[in-house]
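Reading through the structure tokens given below for one structure.
Residue numbers begin at 1 in each chain, while the letters A, B, ... track the order of the sequences. Fair warning: this is a prediction, and the values are worked out from it, not measured in the lab.
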Amino acid sequence: MRNPIFSVYGLRNARHLCHWPMRNRVFNSGSVTSVPFRCLRPRSSTRDTDLYSLNKKISHLIRNDRICDARALFDSTNNRNTVTWNSMISGYVQRREIAKARKLFDELPKRDVVSWNLMISGYVSCGGSRYIEEARDLFNRMPGRDCVSWNTMISGYAKNGRMDEALRLFNCMPERNVISWNAMITGFLHNGDVLRAIEFFERMSERDAASLSALVSGLIQNGELDKAARVLTEFGNKDEARADLVHAYNTLIAGYGQKGRVEEARHFFDQIPFYLDRGKQGNGKFQRNVVSWNSMIMCYVKEGDIASARELFDLTTEKDTFSWNTMISGYVHLSNMEEASKLFGEMPNPDTLSWNTMISGFMEIGSLTLANDFFERMPQKNLVSWNSMIAGYEKNEDYKGAVKLFSQMLREGEKPDRHTLSSVLSVCTGLVDLHLGMQIHQLVAKTVTPDVPINNALITMYSRCGAINHARTIFDYFKLQKNVISWNAMIGGYASHGFSEEALEVFKLMTRLKVQPTYITFISVLNACAHAGLVEEGRKQFKSMYSEYGMEPQVEHYAAFVDIVGRHGQLEEAMALINTMPCKPDRAVWGALLGACRVHYNAELARVAAEALMRLEPESSAPYVLLYNMYADVGQWDDAAEVRMMMEKNNIIKQPAYSRLDSSHC
DNA sequence: GTAGGGTTAG
């Protein structure tokens, strides 16, 4: 079994086979009037042959995402049967165009059980309680229910967290099959009821590979890795679930991988027999497949253990596109673009994902040119390709390039999604372009339902562009869709625009609502205190960082605190703080002291601060200029002249527009 | 043409 596709098809075929006896049963009971099998095989009459090929064409078009063409074909003829209608309904259901599906269903002259089931599954897959009621309504009204109808309803209730209703249906359905049981197990696990899932699994008289797979993966989703491992070890050895057991193993390997428990993943990987005699009954499919290898390689890649990943990759003959992509992304995450490029070059058929991975890797190391080159050479771009490019330009601060790409994207008819839009909002923030930002906001409102990251990008954009009231409107509007970043953005926005009172007011609200602040919150809070000259408030907040939240103040907080006490004229205290702080003072710290010295005419400490700055940034003219002006202000012309001479001696050229040295970056 | 379970990027 070299190709994983085969195993998938094998499974699908097996499923279809399961339907035959079931369908026959329903059919024989006379509850269904149409003839569901009529078009499965061409008959002698041309009319039937035409119908058969029409239905085949329609489902082919739907499979290839060409629903409009399918509909045109559907509309072009009157020679349709129920299968034709059902295929069309199924196409709409798959694309979640439930209204269109329903319209066809209502117009359908002769509905069979599949038509009803399709509509029910359509409503179920839309999710939400409104749709589940609609599904239930159809279920109640339909003339003859089969096992599929019951199972669809059960899984619908399970997905919506209504296990009570699912259980009621399960208990009163006339005939249950293995899928009914599996749906219940999945449902319990989906709703965190591990015990009942296991109980149902144990009560089943007949289990298949999916039963065990569902239990194992559900347990893993509930964080019960070890229980999953035990279940697999215990039931995996029973014959009934022997075939395709490898799926459950693969799930477990991936589960351990996600938790960083690579050793255990490897343990189970090693337990899957490498090779088994295919002639032996029952064991034929129980061996590692390409997914097993890929899952294990993935574990190593996630851990950053690229050597072990590579070892397996080189060892296995079962490689597919997935394996190559996983290896490449491993190198990309370690910024080893040389090795990534080498593998990419050796890869037989790179797909869009491979190209995208390479692009994001080049972006990560700042190679805009190479990223661009790959982007232009790739045969098939998708939304992720565009998003990676735009996000890359934004992260590398080439905002103009990002905007150019974005408009090119729109011109080529690609529809932006939340990823695109939040990148572009960051671009607007970078450009401080309120006009563009508002246009993107319009687009956001039209195309996506707002979520936390999008709202945060909007708040940041508006506040950075000076429209702080817009930012506040959004902040207030989305009461529940907020996280600590939203709070930080709002507080920081106020603080950086000098609205200290508002910044502190929002901070107080935040603490009242028990939102845990981060160290970024305190940078803004302390800066707000500095701007407003609130010495005691600043002192209190600085102290509370450690005493109330257990946070060790970092260099940025010291800088802000030096600013606070320094502005107030307590220069000695500021100096003492610098001398005792646990981290190395940076330019912001010394800059705050120097600024304070200038305001309060303390030439002595100003010199200390300026010299420290000169050591930190030998090319910068700012400390020289500040010191010079300071000496000039107090009339120490000799010292001023000395500074000027030092500047000339050290080849310092005065740069214009270098006004601020404090730490108010938020 | 309909119901349940497995590994990848922005």
Rounding to an integer number of Å, can you tell me how far [X] [atom1] sits from [N] [atom2]?
{"X": "Trp355(A)", "N": "dA9(B)", "atom1": "CH2", "atom2": "C1'", "value": "15 Å"}
{"X": "Leu104(A)", "N": "dT2(B)", "atom1": "CG", "atom2": "P", "value": "15 Å"}
{"X": "Met298(A)", "N": "dG6(B)", "atom1": "CE", "atom2": "P", "value": "16 Å"}
{"X": "Leu343(A)", "N": "dT8(B)", "atom1": "CG", "atom2": "P", "value": "19 Å"}

Select base, sugar-phosphate, or nothing to describe what [X] touches, counting heavy atoms under 4.0 Å on all strands.
{"X": "Leu383(A)", "result": "base"}
{"X": "Lys381(A)", "result": "nothing"}
{"X": "Thr326(A)", "result": "nothing"}
{"X": "Ser329(A)", "result": "nothing"}
{"X": "Asn382(A)", "result": "base"}

- Message: A cation-pi test, strictly: NZ or CZ of Arg288(A) under 6.0 Å from the centre of the six-membered ring of Trp293(A) and no more than 45 degrees from its axis. Yes or no?
- Response: yes
Nearest to the side chain of [X], which nucleotide is it out of [options]?
{"X": "Ser121(A)", "options": "dT2(B), dG6(B), dG4(B)", "result": "dT2(B)"}
{"X": "Asn325(A)", "options": "dT8(B), dA9(B), dT2(B)", "result": "dT8(B)"}
{"X": "Ala254(A)", "options": "dG6(B), dT7(B), dT2(B)", "result": "dT7(B)"}
{"X": "Phe322(A)", "options": "dG5(B), dT8(B), dG4(B)", "result": "dT8(B)"}
{"X": "Ser90(A)", "options": "dT2(B), dT8(B), dG6(B)", "result": "dT2(B)"}
{"X": "Ile179(A)", "options": "dT8(B), dG4(B), dG6(B)", "result": "dG4(B)"}
{"X": "His247(A)", "options": "dA3(B), dT7(B), dG6(B)", "result": "dG6(B)"}

- Task: Sort and list the pairs that fulfil salt bridge (Lys or Arg N to Asp or Glu O under 4.0 Å) and have at least one residue in residues 376-391 of chain A, not counting sequence neighbours.
- Result: Asp373(A)-Arg377(A)
- Step through it carefully: locate the ring centre of Phe105(A), locate the ring centre of Trp116(A), and say whether they are under 6.0 Å apart. yes
- Message: I'd like to know whether CD of Glu199(A) has more than 12 heavy-atom contacts from other residues, nucleotides or ligands below 6.0 angstrom.
- Response: yes
- Non-neighbouring partners of Thr352(A) that pass side chain to side chain contact (heavy atoms under 4.5 Å, CB included), sequence neighbours left out: Asn356(A), Met378(A), Gln380(A), Asn382(A), Ser385(A)
- Message: Can you tell me if Lys302(A) touches the phosphate of dT8(B), counting only side-chain N or O atoms and a distance under 4.0 Å to OP1 or OP2?
- Response: yes
- Message: I want to check one thing: is the phosphate of dA9(B), taken as OP1 and OP2, less than 4.0 Å away from some side-chain N or O of Ser388(A)?
- Response: no
- Checking only heavy atoms, does the side chain of Asn182(A) share a donor-acceptor pair with the base of dA3(B) at less than 3.5 Å? no
- Query: Has the side chain of Asp208(A) got a donor or acceptor that lies under 3.5 Å from a partner of the other kind on the base of dG4(B)?
  - Reply: yes
